[in-house]
*Asks:* 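My questions will all concern the structure given below.
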Amino acid sequence: DLGDWVFVFPEESNTTHVLVKAKPEEPLLNFTVCLKSYTDLTRSHSLFSYATKTQDNEILLLKPKPGVYRFYVGGKFVDFRVPEGHRDWEHVCASWESTTGIVGFWFNAKPWPRKGLQRGYTVGAKASIVLGQDQDSFGGSFEDRQSFVGEMTSVYMWDTWLSTEAVREAMNNVPRQTPIFGWRNFPYKIVGQVYMKP
């Protein structure tokens with residue numbers, strides 16, 4: 001249970017990352033990813049990367065620039081524009097459902113207008129899940145200029161779509177729905193210079 005702890009990514013790197021050691025047992029037709037981050041980066045950086053052997057951007061959440069979050073499913077993406085940096089913690093959740101292709105996005109627990117992406121797609125289960133880097137191949141091919149520098153906490157993934165109330169619970173680290181993995185029971189391995197700090 002990581003509770004009030006955060007991962008600190010102190011510097012740009014093409015190796016440093018956090019490997020999430022849990023993964024879905026079955027392919028995904030619905031999912032939600034949530035996390036909280038704090039950075040002063042203005043360049044593109046990857047927050048959450050879920051790669052399979054056939055698709056490196058199976059699920060990817062990154063910030064190409066301040067005020068924009070880019071969310072990939074199966075190699076295709078949609079952008080969500082958010083208020084530009086007040087240099088504060090930002091909590092984001094992204095939900096996707098295969099039957100409609102609808103993507104839900106929440107910024108600090110406020111829902112944004114929904115968009116469509118990859119209707120009918122299935123997300124593969126044999127995944128490599130990495131925080132702080134963008135996998136350009138399964139489990140690797142990281143680039144300095146896409147690495148995350150800053151702090152990250154409250155990382156969760158579910159195999160369902162979340163309601164706005166459930167997003168709010170995740171933001172406060174008290175989710176009632178059981179995740180595939182989450183901050184209150186988080187299996188991870190640090191690779192390189194990442195530090196756990198309260």
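Predicted, not measured: the structure shown is a model, and the values here were computed from it.
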*Asks:* Set out, in order, the CA-CA distance, both residues' side-chain angles and the distance that settles ring pair (Phe, Tyr, Trp, His ring centres under 6.0 Å) for W96 and F31, then state yes or no.
*Replies:* CA-CA 6 Å; W96 173 82; F31 70 84; 5.7 Å; yes
*Asks:* Quick one about S13 and Q193 (side-chain donor to acceptor, distance below 3.5 Å, no hydrogens or angles considered), yes or no?
*Replies:* no
*Asks:* Hey, could you give me the CG/CE distance between L47 and M152, rounded to the nearest 0.5 Å?
*Replies:* 5.0 Å
*Asks:* Work out which heavy atom in M157 is nearest to a heavy atom in V33; give both atom names and the distance.
*Replies:* CG-CG2, 4.1 Å
*Asks:* Inspect the surroundings of CG in N172 and state if more than 12 heavy atoms from other residues, nucleotides or ligands are less than 6.0 Å away.
*Replies:* yes
*Asks:* Return the minimal non-hydrogen interatomic distance between R145 and R43, and the atom names on each side.
*Replies:* O-NH1, 3.1 Å
*Asks:* What heavy-atom pair brings I129 and P24 nearest, and what distance separates the two atoms?
*Replies:* CD1-CD, 4.4 Å
*Asks:* Heavy atoms only: give me the nearest T164-P111 pair and the separation to one decimal.
*Replies:* OG1-CG, 4.0 Å
*Asks:* Are the side chain of R70 and the backbone of F77 linked by a donor-acceptor contact shorter than 3.5 Å?
*Replies:* no
*Asks:* Shared ILVMFWY cluster between L62 and F142, side chains joined below 4.5 angstrom?
*Replies:* no
*Asks:* With rounding to the nearest 0.5 angstrom, report the CZ to CG distance, F48 to L60.
*Replies:* 9.5 Å
*Asks:* Is Y188 reachable from V130 through a run of I, L, V, M, F, W or Y residues, each pair having side-chain heavy atoms under 4.5 Å apart?
*Replies:* no
*Asks:* Taking the ring centre of each residue, are F105 and F71 less than 6.0 Å apart?
*Replies:* no
*Asks:* Give every residue pair that meets the disulfide (SG to SG under 2.5 Å) criterion with at least one member in residues 34-74, sequence neighbours excluded.
*Replies:* C34-C93
*Asks:* Any heavy-atom pair between the side chains of V82 and W112 that's under 4.5 Å?
*Replies:* yes
*Asks:* L162 versus E169: any side-chain heavy-atom pair under 4.5 Å?
*Replies:* no
*Asks:* Tell me if a side-chain donor or acceptor on Q133 pairs with a main-chain N or O of T16 at a distance below 3.5 Å.
*Replies:* yes
*Asks:* Would you give the length of the straight line joining atom NZ of K23 to atom OG of S128, rounded to the nearest 0.5 angstrom?
*Replies:* 7.0 Å
*Asks:* Atom OG1 in T52, atom CG in N57: separation rounded to 0.5 Å?
*Replies:* 10.0 Å
*Asks:* Would a 4.5 Å heavy-atom cut-off, applied to side chains only, mark V92 and F80 as touching?
*Replies:* no
*Asks:* Tell me whether V68 is reachable from W106 by hopping between hydrophobic residues (I, L, V, M, F, W, Y) whose side-chain heavy atoms are closer than 4.5 Å.
*Replies:* no
*Asks:* Checking the side chain of N108 only, and the main-chain atoms of H91 only, is there a donor and an acceptor separated by less than 3.5 Å?
*Replies:* yes
*Asks:* Rounded to the nearest 0.5 Å, what separation is found between the OH atom of Y72 and the CG atom of D134?
*Replies:* 7.5 Å
*Asks:* For the CG atom on D4, are there more than 12 heavy atoms of other groups (residues, nucleotides or ligands in this structure) within a distance under 6.0 Å?
*Replies:* no
*Asks:* Which atom pair, heavy atoms only, marks the closest approach of W183 to Y156?
*Replies:* N-CE2, 3.3 Å
*Asks:* Answer yes or no: is there an ion pair linking R114 with E97, defined by an N-O contact shorter than 4.0 Å?
*Replies:* no
*Asks:* Nearest 0.5 Å please: distance from the CH2 atom of W158 over to the CG atom of L28.
*Replies:* 13.5 Å
*Asks:* Any side-chain heavy atom of T39 sitting closer than 4.5 Å to one from F9?
*Replies:* no
*Asks:* Specify the closest pair of heavy atoms between A125 and P27, including all atoms of both residues, with the distance to one decimal.
*Replies:* CB-N, 3.6 Å
*Asks:* Tell me whether I190 is reachable from L131 by hopping between hydrophobic residues (I, L, V, M, F, W, Y) whose side-chain heavy atoms are closer than 4.5 Å.
*Replies:* yes
*Asks:* Do L61 and Y50 have side-chain heavy atoms sitting under 4.5 Å apart?
*Replies:* no
*Asks:* Could you list the residues that satisfy salt bridge (Lys or Arg N to Asp or Glu O under 4.0 Å) with R184, not counting sequence neighbours?
*Replies:* D1
*Asks:* Do the rings of F148 and H45 sit parallel, tilted or perpendicular, given the 30° and 60° boundaries?
*Replies:* tilted
*Asks:* Taking T160's backbone N and O only, do any of them form a donor-acceptor pair with T32's side chain (distance below 3.5 Å, no angle check)?
*Replies:* yes
*Asks:* Under a 4.5 Å side-chain heavy-atom rule over Ile, Leu, Val, Met, Phe, Trp and Tyr, are W161 and I180 clustered together?
*Replies:* yes
*Asks:* Are the side chain of E151 and the backbone N or O of V6 linked by a donor-acceptor pair below 3.5 Å?
*Replies:* no
*Asks:* Quick one: do Q135 and S49 satisfy side-chain hydrogen bond (donor to acceptor under 3.5 Å, both in side chains)? Show the steps, please.
*Replies:* CA-CA 6 Å; Q135 302 174 81; S49 171; 3.0 Å; yes
*Asks:* With a 4.5 Å limit on heavy-atom distance, are the side chains of F186 and F7 in contact?
*Replies:* yes
*Asks:* Please answer whether the main-chain N or O of G101 pairs with a side-chain N or O of Y121 as donor and acceptor at a distance below 3.5 Å.
*Replies:* no
